[in-house]
Structures are given as C-alpha cells and as structure tokens.
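A short write-up of the structure that comes next.
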Amino acid sequence: MQKGLYKYILLIQRWFGGAGFSFADDPVTETLSQAIRGTGEELDREPDTGVLFGSLRGSVVGLRYYTGVVNKGEMVSLVRQPQNPYDRNAVMVANVYGSQVGHIKRELAVLLANIMDNNLARVEGVVPFGVTNQFTMSVVLSFWGREENRDAVVRQITSRSFKLQSGPTGTHTHTHTLTQLKNAFDNLFENLMDDKIGEREAVEAVCTPLLPHQKQALSWMCACENNAALPHFWEVKGELFYNTLTHSSVRERPRRVRGGILADDMGLGKTLTTIALILSNFHHGKPLCEPVISTSRKGKTAFACNTSSGKSLVSPVEAASSQSTDDPAARATLIICPLSVLSNWLDQLDQHVRADVKLNVYLYYGSERNRDTHFLSSQHMVLTTYNVLSADYSVSGGASPLHTVRWLRVVLDEGHIIRNPNTQQSKAVLKLNTQRRWILTGTPIQNNLRDLWMLVAFLRLKPFDVREWWNRVIQRPVTQGDKTGLQNLQALVKCVTLRRTKTSRVCGRPLVSLPERSVRIEEVELTQKEREEYELARTEGRTTISRYVAEGTVLRNYADVLAILVRLRQFCCHPGLLGKTTTHTAVTPAELRERLIMKLRLVLGTGSDEECAVCLDSVRLPVITHCAHVYCRPCIAEVIRSEQEQARCPLCRGQIKASELVEFPLEEEEEEESNLLENWRSSSKVEALMSSLLRLRSEDDSIRSLVVSQFTRFLTILEIPLREEGFKFVRLDGTMSQKRRAQVIQEFQSDAPGSPLIMLLSLKAGGVGINLSAASRVFLMDPAWNPAAEDQCVDRCHRLGQKRDVVITKFIVKGSVEENMVKIQRQKQDLVEKAFGTKNPSERKTSRVDEIRALMEL
DNA sequence: ACCGCCGGGTGCC
DNA sequence: ACCGCCGGGTGCC
C-alpha cells in the first residue's frame with residue numbers, strides 16, 4: 001500500500017546511510033519508517049551497516065609459511081578456523097584474492113575468536129605498512145557492529161588488556177554533500193557511452209537491419225567478449241599485477257570479465273542486439289553461421305552454422321588476439337529469462353534470423369525437456385527460465401544438466417531478477433559454467449546499491465564478487481559519503497555497463513523517436529445509490545481506522561486497515577468486486593488471527609500489489625506471519641534463519657516462527673463467477689469506460705486499447721458489457737499459462753482482419769518485456785500505489801514499433817479514496833526532490849500513519 | 001627474528 | 001643459586 005512512500009524513504013536512508021538524517025521525528029511512535037529503522041540492523045545482517053567501535057593494532061604471524069602477498073594499505077580478511085588442530089581460536093588472515101597470508105597472533109586470536117564466534121562485531125583488517133620481514137607484520141583491526149553490542153566488545157577487548165583506539169582508521173576526508181551524492185547516483189548509469197565505441201553491423205544471418213544504437217551495442221558487446229587486454233583497475237607492477245582499487249597484487253594475470261550489463265531502456269532492442277551478438281561473435285570473433293555460395297544455384301547464399309568445434313578456419317592473427325583460455329568445447333549460448341518473455345525470444349528469433357539459417361535452438365522447458373548434456377552442448381542456443389534452472393538445481397544438488405554443460409555464453413534476460421543473492425535462482429545462476437556472461441536489464445538498480453552486487457558477482461568482476469570486498473571497497477564507503485568510494489563505484493559500473501535511455505542521443509540525434517504520449521484523468525461521478533453505499537463503507541472504515549490511529553495501533557492492525565482500503569477501492573470500481581464480507585466478531589486470538597489472514601487473502605487475491613518490507617519489491621511467494629504481515633517466503637525465511645528464536649517481524653516487531661507462516665495460494669476463488677455474471681449490474685466506472693470505447697470505435701475502429709486493472713475480477717466484470725456491445729477482446733492475466741499468454745499476445749498484435757480491438761490486462765500480468773505495441777490507447781481503470789507499475793504497463797505499448805500517439809486515460813472516482821491515492825502518488829514523486837531541496841527537516845516528515853489518515857481524510 | 005622466549009650453563013669482585 | 005645473568009637454539013596457528 002503506502003509502501004511506495006517508504007520505499008523512497010528506505011531508498012534514501014539506504015543509499016545515503018540512515019544514521020545521518022532522520023525523516024520521522026514524529027510523535028507517533030509506530031510509523032513504518034521507524035519500525036523498519038528500529039529493526040534495520042537486525043534485518044540487515046549484511047555488513048554494510050553498523051558502527052565502528054574502534055580499532056587496535058595487532059600482528060600477523062607465520063608469513064613465511066604462506067604465499068599470499070599484501071601491500072601497504074591493503075585490506076585483509078580475517079577468517080576463523082575453529083578446526084585448526086593447534087588452536088581452536090585460530091584466526092586466519094587472507095588477502096583480497098583469498099590467499100592465506102598468515103595467522104593472527106595467538107593471544108589476540110583468543111579475543112577475536114570470542115568476538116567473532118558470538119557475533120558481537122565484524123572484524124576487518126588493514127595492513128598499515130609494507131611487509132618488512134618474512135616472519136610477522138602489523139595489522140590494524142577495526143571492529144564494526146550494532147550499537148547495543150559496543151559495551152560487550154569494549155569489555156572483551158579491555159579485559160584482555162588490549163587497547164581499543166576510537167575513531168575511524170581510514171579517514172574519509174572528502175565527503176559529498178547529500179545533493180552531490182544524489183546527483184551522482186542519478187548519473188551513475190548515465191553517460192556510460194564511451195565515445196570510442198564504434199558501430200558494428202550484424203552478420204548477414206540477421207535479417208533485421210540494426211539501428212545505429214544497436215550497432216553500437218553490438219560493437220561494444222563484441223569488444224567486451226573478445227578483448228584480452230588487462231581489465232580496468234589493474235596495472236603491471238614488475239612481476240605482479242596490481243589492483244588500484246584494493247591495492248592488492250596477484251601473480252597470475254587477472255582475467256577480464258567477458259561480458260557485461262546491457263542496461264538499455266526497454267524497447268531499445270536488447271533482444272535483437274543479443275541475437276546479433278550470438279550470430280556474429282562465435283569463437284575467435286568469427287560468426288556463428290557463415291554464408292556459403294551454393295554451387296548448384298549460383299549467387300544464392302545459404303548459411304552453414306558451426307556445429308562442431310575447431311572446424312572453423314581461423315587466421316593466426318585472430319587466434320592470437322583471442323584469449324588462450326578459450327574452451328573450444330564451449331559452444332552453446334544459454335538464455336535464461338522469466339517465463340513471460342520466453343515466447344518473445346522465440347518470436348524475435350523467427351523475426352530477426354534469416355529463414356535459411358538453420359539454428360539449433362532448444363527450449364529447455366516443460367516436463368519432457370531433454371536433459372542430455374551432450375544434446376544441450378551441441379545446440380546453438382538453449383532457452384530456459386529462472387524457475388526451471390533453480391528447480392533443476394535444487395533437485396540435482398548442483399549437478400543439473402544446465403550446470404554440467406560448459407556454455408560459451410550465458411545471458412540473463414531481465415537480469416535484475418537475480419539481484420537478491422539469497423534466492424535459489426540467484427544461487428543457481430552463479431554456479432553456471434560459462435566463458436561469457438551477460439545481463440540484460442532495463443533497471444540495473446531498483447532500490448539499493450546492494451542490488452548491484454549480485455550482478456557484479458555473476459559477472460565475476462574480481463575481487464568484488466566476494467561480498468566482503470564489495471562491502472568494504474564500494475558499499476560502505478559510498479553509503480558513508482566517501483568521495484573515492486563513489487568514484488570507484490562509478491568507474492566499476494562504467495567498465496561493465498552500457499545504458500541508453502529513450503531520451504539518450506547518438507551523434508545529436510535521439511536514439512529512437514517514439515510517438516507522443518499523453519495522460520488524462522477522467523473523473524467519474526458515482527450514482528446516488530453507489531455514493532450511499534460507498535459512504536456507508538467509508539464511515540465504517542473511518543471509525544475503525546480512527547480508533548487505531550488514536551490507540552496508536554495502526555500497524556498492529558495492518559491487515560484490517562488494508563482490507564478497509566481495498567474495499568473502498570473496490571467500491572469505486574464495481575460493487576461486485578467485494579466478495580463475501582464475513583463480519584463475524586472474533587474473540588479468541590486464534591479467531592482474530594484467522595480473520596486477519598482472511599482479510600489479507602482478500603487483499604492479495606485481488607491482485608493488489610503488496611510490497612515485501614524485506615526486499616522492498618512486490619511480494620513473491622507471499623506468506624503471512626502470525627502477526628498478519630506479508631513477506632516473500634525466502635525473505636522472511638532468511639530473517640528467521642539468521643535470528644533464530646529472537647526473530648521479530650520486521651514490521652511490528654512481534655515474535656515470528658517459521659512454523660507459523662501461512663502460505664498464500666495465489667490461484668484463488670472465482671468460484672462464484674457465475675453468480676457475478678447472473679446478477680449483473682453496471683457501475684459508473686464501467687459506464688465511463690464503455691462510453692469511451694464506443695466513442696473511440698465510432699471515430700476510428702482501427703485503434704486498439706489496453707484496459708488495465710489491478711483487480712482481475714474487475715476484468716471479468718468488464719467482459720460482460722464488452723460482449724454486449726460486440727467488442728472483440730482478449731484477456732491477459734497472471735493466472736494464464738505461458739502458452740496461452742503467447743497466443744493472446746500474438747492474436748492481439750496481429751493485424752489480421754477480425755483481430756481483437758481490446759485487451760483486458762491485469763496490471764502485473766506478465767511483468768515486463770511483453771510487446772503490446774498494437775495498442776495506442778490505455779485505460780487505467782484504478783490507480784495503483786506504485787506509479788512505476790503504471791508506467792511499466794504503459795511502456796508495453798509506448799515502445800519501439802508504436803506508430804501512433806499513445807493516449808492514457810486514468811479513471812478516478814471523484815470524492816473518493818482514489819482521489820486521495822492520486823494525491824499521494826504525486827507527493828511520492830516529489831518526495832525525493834523535496835527531501836533534498838528543503839533545509840528544514842520538519843517539512844519533509846511524513847509517516848505511514850499520516851498517509852493512512854490522509855487517505856481516510858481523518 | 002637487528003626480536004622474545006626457552007632452558008642449560010653458570011656463579012664474588 | 002628455590003636466584004640473576006649469559007649466550008645458543010629457536011620460531012604461526
């Protein structure tokens with residue numbers, strides 16, 4: 001619900017470090033932002049937060065037994081070795097590349113073991129001087145942790161007569177102001193285009209001509225795959241290779257990341273460019289399929305694709321320029337994508353690859369999929385989904401067919417899907433064996449700098465694929481406002497990312513010229529009867545909520561509040577959305593809980609876009625806690641796993657247990673659908689839509705429309721008048737099978753006579769990526785909490801291939817909760833701007849409770 | 001290690 | 001001398 005607002009607050013707090021400034025100096029204690037801030041450290045077991053307790057000087061011993069190299073100023077990691085046969089308190093010291101350097105001296109190791117094993121603090125090491133002898137060296141240890149553990153840590157240290165120096169060891173002298181930081185982040189993914197990037201034509205096997213920006217992308221991608229030069233941040237220093245970010249050295253020549261992040265806005269042709277890459281850049285920069293002149297029919301070219309390794313002719317020059325580590329047996333490209341875009345890949349292959357090119361493309365999907373690894377390895381392309389990959393992975397314990405094949409290239413489509421490293425999908429993706437790695441995404445960072453880590457880890461951008469170094473070199477310095485940290489981040493992003501937006505320009509010209517898009521809000525007046533019903537529900541809801549506000553228990557009764565708000569929103573659309581309202585009065589706690597869970601089921605079942613307070617994304621695999629808050633199962637499971645018996649609900653701080661989580665089945669009800677259709681009545685909003693559609697048809701019956709609602713039931717209701725008026729329509733919602741979706745999209749996109757004019761679309765159906773460019777009108781039937789969700793939906797038709805101006809109509813019921821939602825939406829959009837623009841912190845305080853009060857006009 | 005620590009040799013000034 | 005001191009042997013955890 002109001003989460004969007006908090007998303008921004010959290011975003012700001014996380015990007016810029018929550019400690020520095022506070023939003024809610026609000027007398028109401030139970031605001032969500034405070035609740036989350038309160039639990040933040042616990043939720044956040046990631047080590048980029050926490051305070052510095054102090055540091056002390058110690059020594060590393062046993063250097064002569066190990067090979068790890070450390071330079072002056074280099075960071076080292078401390079690894080507990082409880083199994084060490086000589087000392088169960090042993091603490092091993094390793095350099096950035098994981099090579100052992102030595103051990104912490106015994107007496108100090110006792111202390112560290114104690115602190116580390118009891119999770120009292122994180123301990124980080126920096127070597128202050130160069131190594132002067134072969135036996136020992138100094139190390140500065142700093143202790144980071146939660147404020148509540150400070151005393152315990154200090155006590156441990158002083159009781160063993162070590163001296164804790166206060167204050168930071170690495171002094172951050174150059175810090176940004178918040179405004180500077182914000183600008184830097186906004187620009188993080190901008191201006192990545194290197195002017196040096198040329199253009200490259202696709203091979204002939206690609207029959208669609210590439211646009212200039214696509215040729216640039218192809219050129220860049222080929223260069224990323226083929227370039228054997230020393231990666232960024234590395235310098236040759238005598239015998240060693242020296243990393244300028246971590247000040248570390250390695251003996252072995254570091255390998256360049258062969259791949260990167262193609263982060264173009266959606267609609268700029270990432271799929272086409274990737275297809276062009278696959279066909280154009282096989283081994284040694286040679287095309288995958290080469291034209292051969294047929295001798296029988298002169299002049300006609302056919303294409304022979306490389307199907308066995310080592311047979312392509314390679315000139316010595318090209319062979320030398322390519323990396324010697326090339327594995328000639330790795331030949332296939334694996335594409336992993338969300339189910340919703342699987343068919344898009346097949347369509348685009350059909351569309352962009354010449355018909356006389358015989359590509360072996362295998363769809364690794366469905367229960368009958370061929371799991372033979374030789375078969376898979378011999379394909380040119382294998383397409384699969386994240387779900388199939390992770391399902392296989394967990395079943396096989398890591399030795400799935402896809403994990404056995406040595407791939408030439410792995411492409412993660414909608415790669416931001418793996419931004420949470422705790423998911424099975426992400427773990428499965430990291431374990432793939434491949435030479436080249438690509439991430440395609442329109443949104444490289446969604447909420448948080450942390451989102452980037454998993455992408456960096458997938459690319460194996462050393463040494464940042466190890467969390468500790470990412471955190472120490474990038475994450476923490478940046479969140480603390482360190483200037484060099486930010487510069488490093490920018491440099492790092494720049495060396496692996498290409499991003500252009502729809503507004504980017506190539507040689508002064510826009511990348512693509514999209515038709516105009518305009519938004520108009522159509523106010524809907526309720527009939528007197530509807531108004532009476534609405535006011536009744538509103539008054540009732542207000543009474544309940546104002547009681548919660550007065551008691552300060554809004555968040556404790558979150559499910560109840562949500563249910564009331566959803567009900568009002570449903571009233572605005574159509575009374576038939578409400579479903580049965582069970583208003584029995586619960587008395588026992590068990591009954592009360594059951595009731596809350598029922599209400600949440602009601603809320604989620606309508607397709608309302610709820611947000612998980614842990615990952616800040618839309619809930620996936622929703623589960624409901626005992627205290628009636630909704631999270632993604634993997635997110636909350638991780639909280640419980642790491643906090644064990646002390647686990648608290650991130651929203652209300654109530655105790656939570658894994659055994660008490662209630663699964664939420666997404667496929668739901670619809671059992672009284674017939675009932676809905678039999679007792680049909682219209683509503684003001686339905687009438688408003690119908691009159692728009694009828695007018696449109698009479699003016700121009702070639703214009704196609706998307707009719708979008710968050711409530712799938714509303715779509716069902718709308719089918720009735722559409723049929724009555726003889727509109728041909730299709731429907732696309734989250735419950736449909738992949739096959740059916742593809743059919744529906746194809747039918748809608750087809751310009752064949754008699755193809756549908758209207759698509760009923762559930763707001764979240766299919767996620768991103770689908771192409772509905774046949775439509776140029778969008779009717780948003782109900783306001784969404786997340787303006788971005790609406791934008792994404794509109795982007796499905798306002799994209800490459802759109803020939804007409806796009807007109808968006810938002811229906812908003814006058815004098816209703818919807819109107820207030822729109823107001824809050826606007827505030828949200830301004831919030832970040834305002835937060836940085838104003839000097840007075842009291843002006844920017846907004847609380848969840850305030851928001852609910854605004855909604856209910858309390 | 002140009003250290004600390006150990007343990008054997010040694011012992012007035 | 002149940003000490004101090006000397007100087008050789010020795011060395012991560």
Side-chain angles (χ1 to χ4, degrees), chain A residues 45 47 50 52-145 149-150 152-165 169-170 237-243 246-252 462-463 465-473:
Chain A
R45 283 155 315 282
L52 178 63
F53 298 152
S55 57
L56 58 83
R57 174 77 64 83
S59 48
V60 184
V61 294
L63 302 192
R64 64 174 149 161
Y65 301 101
Y66 308 100
T67 53
V69 191
V70 199
N71 297 309
K72 173 177 160 63
E74 184 174 338
M75 301 181 298
V76 289
S77 67
L78 302 164
V79 184
R80 275 284 286 122
Q81 287 185 327
Q83 303 301 329
N84 188 301
Y86 303 96
D87 184 354
R88 61 189 171 79
N89 293 317
V91 177
M92 185 258 260
V93 179
N95 71 8
V96 174
Y97 291 88
S99 312
Q100 181 161 4
V101 173
H103 279 105
I104 292 292
K105 212 171 150 62
R106 196 180 213 110
E107 309 80 72
L108 185 54
V110 187
L111 168 68
L112 296 194
N114 223 308
I115 288 173
M116 291 166 90
D117 295 349
N118 292 313
N119 249 330
L120 294 174
R122 227 161 0 92
V123 190
E124 295 181 354
V126 173
V127 175
F129 323 113
V131 178
T132 52
N133 65 64
Q134 50 173 326
F135 305 100
T136 65
M137 67 181 174
S138 280
V139 62
V140 176
L141 304 171
S142 44
F143 297 82
W144 300 77
N149 288 330
R150 183 193 286 269
V153 171
V154 172
R155 226 179 305 123
Q156 286 278 346
I157 292 173
T158 47
S159 73
R160 286 172 211 272
S161 50
F162 288 99
K163 276 218 180 80
L164 190 67
Q165 316 279 313
T169 45
K237 260 198 179 173
E239 300 274 284
L240 300 173
F241 297 93
Y242 177 75
N243 186 301
T246 59
H247 310 291
S248 58
S249 306
V250 280
R251 283 178 216 285
E252 267 191 36
K462 311 263 170 201
D465 55 336
V466 173
R467 197 56 191 254
E468 178 174 359
W469 309 119
W470 168 263
N471 284 323
R472 289 176 64 177
V473 181

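The analysis underlying the following values was restricted to heavy atoms, covering all of them including side chains, and did not include hydrogens, waters or symmetry mates.
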For residues 107-119 of chain A, please give each side-chain donor-acceptor pair under 3.5 Å, one per line with the distance, not counting sequence neighbours.
{"unit_1": "Asn114(A)", "atom_1": "OD1", "unit_2": "Asn118(A)", "atom_2": "ND2", "d": "3.0"}
{"unit_1": "Asp117(A)", "atom_1": "OD1", "unit_2": "Arg80(A)", "atom_2": "NE", "d": "2.9"}
{"unit_1": "Asp117(A)", "atom_1": "OD2", "unit_2": "Arg80(A)", "atom_2": "NE", "d": "3.3"}
{"unit_1": "Asp117(A)", "atom_1": "OD2", "unit_2": "Arg80(A)", "atom_2": "NH2", "d": "2.8"}
{"unit_1": "Asn118(A)", "atom_1": "ND2", "unit_2": "Asn114(A)", "atom_2": "O", "d": "2.9"}

**Q.** Assigned partner base of dC3(B), Watson-Crick or wobble definition, under 3.5 Å
**A.** dG11(C)

Q) Got a sec, which residues hit side chain to side chain donor-acceptor pair (under 3.5 Å) with Asn149(A), two or more places apart in sequence or on another chain? A) none

Q) Are the charged groups of Glu124(A) and Arg122(A) less than 4.0 angstrom apart, N to O? A) yes

Q.
Holding to side chain to side chain donor-acceptor pair (under 3.5 Å), I want the full list of residues that pass it with Ser77(A), two or more places apart in sequence or in another chain.
A. none

Q. Between dG11(B) and dG4(C), how far is it from one C1' atom to the other, in whole Å?
A. 9 Å

Q | Minimal non-hydrogen separation, Ser249(A) against Tyr242(A), with atom names | A | OG-CD1, 3.6 Å

Q: Mind checking side chain to side chain donor-acceptor pair (under 3.5 Å) for Lys462(A) and listing every partner two or more places apart, or none if nothing turns up?
A: Asp465(A)

Q.
Contact list please: residues 56-66 of chain A against DNA chain C, heavy atoms, distance less than 4.0 Å, in numerical order.
A. Val61(A), Gly62(A), Arg64(A), Tyr65(A), Tyr66(A)

Q) Counting only non-hydrogen atoms, which of residues 78-95 of chain A are less than 4.0 Å from DNA chain C? A) Asn84(A), Tyr86(A), Asp87(A), Ala90(A)

**Q.** ring-ring contact (aromatic ring centres under 6.0 Å, His included) pairs, two or more places apart, involving residues 61-119 of chain A
**A.** Tyr66(A)-His103(A), Tyr97(A)-Trp234(A)

Q: Can you sort out which residues in residues 102-111 of chain A have a heavy atom within less than 4.0 Å of DNA chain C? Ascending by number, please.
A: His103(A), Ile104(A), Lys105(A), Arg106(A)

Q: Determine the Euclidean distance between corresponding P atoms of dC5(C) and dA1(C); express it in Å to zero decimal places.
A: 16 Å

Q: Using side chain to side chain donor-acceptor pair (under 3.5 Å) as the criterion, list what pairs up with Arg160(A), not counting sequence neighbours.
A: Gln156(A)

Q) Who passes salt bridge (Lys or Arg N to Asp or Glu O under 4.0 Å) against Arg57(A), sequence neighbours left out? A) none

Q.
Check for me: is Phe135(A) stacked on dA1(B) by the 5.5 Å centroid and 30° plane-angle rule?
A. yes

Q: Measure from CG on Asn133(A) to C1' on dG4(B) and round the result to the nearest Å.
A: 14 Å

Q) In whole Å, what separates the C1' atom of dC2(B) from that of dC13(C)? A) 25 Å

Tabulate below the donor-acceptor pairs under 3.5 Å that side-chain atoms of residues 129-137 of chain A make, not counting sequence neighbours, or state none.
{"unit_1": "Asn133(A)", "atom_1": "OD1", "unit_2": "Phe135(A)", "atom_2": "N", "d": "2.6"}
{"unit_1": "Asn133(A)", "atom_1": "OD1", "unit_2": "Thr136(A)", "atom_2": "N", "d": "2.8"}

(Q) Between dC6(C) and dT10(C), how many Å separate the two P atoms, rounded to a whole number? (A) 22 Å

Q. Can you name the side chain to side chain contact (heavy atoms under 4.5 Å, CB included) partners of Thr246(A), sequence neighbours left out?
A. Val96(A), Asn243(A), Ser248(A), Pro463(A), Phe464(A), Val473(A)

